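Counting starts at 1 for both ligands and their atoms, following the listed order. Because the structure is a prediction, the values reported are computed rather than measured.
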Amino acid sequence: MSARSLCLSQFGGLAAGQADEQKRYFREKRLYTLQIESTNVCMQGCVYCYAGSTPTDTSGLDSPEIRALLHDAAGLGVRAIDWLGGDPLERPDWHELLTEARSLGLINNVWTSGLPLRDQDVARKVADATEGGFVSVHVDSVFPETYARLHRNGSAKRIADIIAGVDNMLAAGKPRDELFNCITYTSLQPPWDAIETMRWWLKEKGMRTCLTLFNPSGPGADRRSLEPGPEEVRLVFRERDRLNYGDAEPSISTMDVDKFYCGTMATVTFAGDVTPCSVIREGVGNIRVTPFDRIVAEHLGVLIHAPLHDERSMPAPCDSCRHNAHCWGCRANAYHSGGDANALDPKCWIIREVRSSAS
Ligand code: SF4
Ligand code: SF4
């Protein structure tokens with residue numbers, strides 16, 4: 001498997017040169033990607049949203065704060081900005097911000113609901129601003145009844161609008177392997193439904209799925225009932241592995257990205273908190289109090305899970321797992337189950353196999 005196909009199959013959007021560079025950053029324990037939650041406005045209304053996004057709440061980072069962040073990131077050698085929300089394309093100044101990021105040599109990756117892409121002009125601008133980067137849309141289910149359960153005011157029209165947005169991106173020249181659909185997997189969705197949704201995107205649009213496991217985080221913290229059970233997790237994530245990588249494996253277990261992404265990344269939430277991941281809402285500092293580069297200098301090890309970068313230091317049985325060259329389990333799962341983001345991911349079904357083969 002080539003570097004490009006391995007990387008594409010594990011997460012996506014990275015050309016071979018970027019994947020190699022990201023691995024070098026991992027070895028050097030540096031930040032490759034900065035996720036910026038640029039707004040908490042979003043029209044999609046996911047019932048489990050970690051950011052508590054609404055169509056109208058515009059509290060969040062302002063333009064000068066984000067521009068300062070971009071300059072700090074470029075100064076630290078960060079290579080990519082992942083624009084998160086809310087929906088980053090709901091910001092009136094989204095295009096100016098992405099253009100500024102590009103002028104600083106940063107790659108733009110956009111995580112959108114997909115709804116703004118219905119506008120062909122928006123789709124064209126996004127395709128241009130994300131050259132060399134990826135765009136992820138968000139349709140948890142292509143089945144309208146399930147979609148309606150997962151989203152306030154969810155309807156078949158919303159699904160059709162996002163699909164039309166993807167078609168606009170393709171028409172604007174965005175390569176299929178730089179487009180993804182994102183699913184946040186919850187107990188509100190039966191395994192077959194998530195599996196058929198992943199298959200639909202691959203068959204109909206040639207797009208792979210970024211599969212995220214719901215965690216009780218942020219405003220969703222009191223919704224533990226949305227956590228799927230272990231067998232549901234195994235069925236859906238195993239099929240994600242098969243669809244994205246083929247039968248030859250590898251697996252990234254319950255992770256939505258490989259450890260090279262996860263271990264070279266930090267998030268700034270729409271409230272300014274700096275965290276290791278958007279699913280972990282508790283920060284090590286806030287950019288409204290302390291400059292971002294100072295926070296990174298003081299807390300880099302926490303942000304990138306530095307103690308786990310050496311496979312021999314992973315908790316057992318990850319230290320002896322055949323998948324550990326690219327997997328270390330979802331750190332958000334570990335954090336939300338026991339409070340330690342560097343502990344074993346209890347949602348990984350492969351742990352049982354590794355233990356039984358060792359005994
Ligand atoms: S045991 Fe650890 S390294 Fe192996 S698949 Fe599970 S989380 Fe990944
Ligand atoms: S901790 Fe989990 S949710 Fe966060 S980036 Fe890593 S794999 Fe994704």
Side-chain angles (χ1 to χ4, degrees), residues 10-13 22 26 31-37 48-51 80 82 84 109 111 136 138 180 182-186 209-218 220 227 230 233-234 237-238 240-241 244-245 249-269 274-283 302-359:
Q10 287 177 353
F11 178 49
Q22 191 183 55
F26 184 87
L31 280 187
Y32 187 88
T33 302
L34 175 62
Q35 295 185 337
I36 301 176
E37 289 182 348
Y48 48 72
C49 183
Y50 307 128
D82 278 23
L84 271 57
N109 301 315
W111 299 79
S136 174
H138 185 189
F180 295 85
C182 182
I183 294 177
T184 299
Y185 187 53
T186 67
T209 295
C210 178
L211 184 65
T212 302
L213 185 56
F214 169 80
N215 265 287
S217 181
E227 289 183 274
V233 169
R234 186 185 72 80
F237 281 78
R238 187 69 198 89
R240 182 276 320 266
D241 285 346
N244 284 1
Y245 319 153
E249 306 214 17
S251 176
I252 53 169
S253 181
T254 59
M255 300 183 76
D256 47 29
V257 292
D258 62 20
K259 72 177 186 182
F260 301 108
Y261 176 96
C262 193
T264 57
M265 185 271 288
T267 301
V268 177
T269 71
V274 180
T275 80
C277 163
S278 61
V279 188
I280 299 173
R281 307 300 298 176
E282 292 72 22
V302 174
L303 295 170
I304 64 169
H305 313 286
L308 303 183
H309 281 229
D310 182 341
E311 283 145 24
R312 293 165 301 182
S313 306
M314 287 183 185
C318 293
D319 57 349
S320 59
C321 175
R322 69 195 166 108
H323 300 295
N324 71 13
H326 42 264
C327 176
W328 61 19
C330 174
R331 301 296 95 221
N333 290 349
Y335 179 80
H336 288 291
S337 67
D340 179 1
N342 291 346
L344 200 63
D345 171 359
K347 304 272 174 73
C348 172
W349 71 93
I350 298 170
I351 289 171
R352 291 193 294 275
E353 296 166 21
V354 184
R355 281 185 175 143
S356 67
S357 68
S359 60

Review point. For ligand 2, which atoms have a heavy atom of A332 less than 4.0 angstrom away?
Key: 1 (S)

**Study point:** Region of D345 engaging ligand 1 - heavy atom pairs below 4.0 Å
**Key:** neither

**Study point:** Ligand-residue contact atoms, ligand 1 with G329, heavy atoms, under 4.0 Å
**Key:** 7 (S), 8 (Fe)

Point to revise | Per-atom contacts, ligand 1 versus I351 - under 4.0 Å to a heavy atom | key: 1 (S)

Exercise for review: Of the side chain and backbone of C277, name the one, both, or neither that has a heavy atom under 4.0 Å from an atom of ligand 2.
Suggested key: side chain

For [atom], which protein heavy atom lies nearest, and how many Å away is it?
atom: atom 2 (Fe) of ligand 1; result: C318 SG, 2.3 Å
atom: atom 8 (Fe) of ligand 1; result: C327 SG, 2.3 Å
atom: atom 4 (Fe) of ligand 1; result: C321 SG, 2.4 Å
atom: atom 6 (Fe) of ligand 1; result: C348 SG, 2.3 Å
atom: atom 3 (S) of ligand 2; result: D256 OD2, 3.4 Å

Point to revise | Sub-4.0 Å heavy-atom contact, M265 with ligand 2 | key: yes

Practice item. Indicate if the distance from atom 6 (Fe) of ligand 2 to the nearest N, O or S atom of C262 falls below 2.8 Å. Key: yes

Review point. Shortest non-hydrogen contact from N342 to D340?
Key: N-OD1, 2.8 Å

Check your understanding: Between P276 and T267, which heavy-atom pair has the shortest distance, and what is it?
Key -> C-OG1, 4.2 Å

Review point. If we only count heavy atoms from C-beta on, is the F237 to K347 side-chain gap below 4.5 Å?
Key: no

Point to revise | Pairwise side-chain contact, L344 with P317, heavy-atom cut-off 4.5 Å (strictly under) | key: yes

Point to revise | Cationic N near anionic O, under 4.0 Å, R322 to E353 | key: no

**Study point:** Distance-only side-chain donor-acceptor flag, T33 / D82, under 3.5 Å
**Key:** no

Check your understanding: Can we call the ring centroids of W111 and H138 under 6.0 Å apart?
Key -> no

Check your understanding: H326 and F260: aromatic ring centres closer than 6.0 Å?
Key -> no

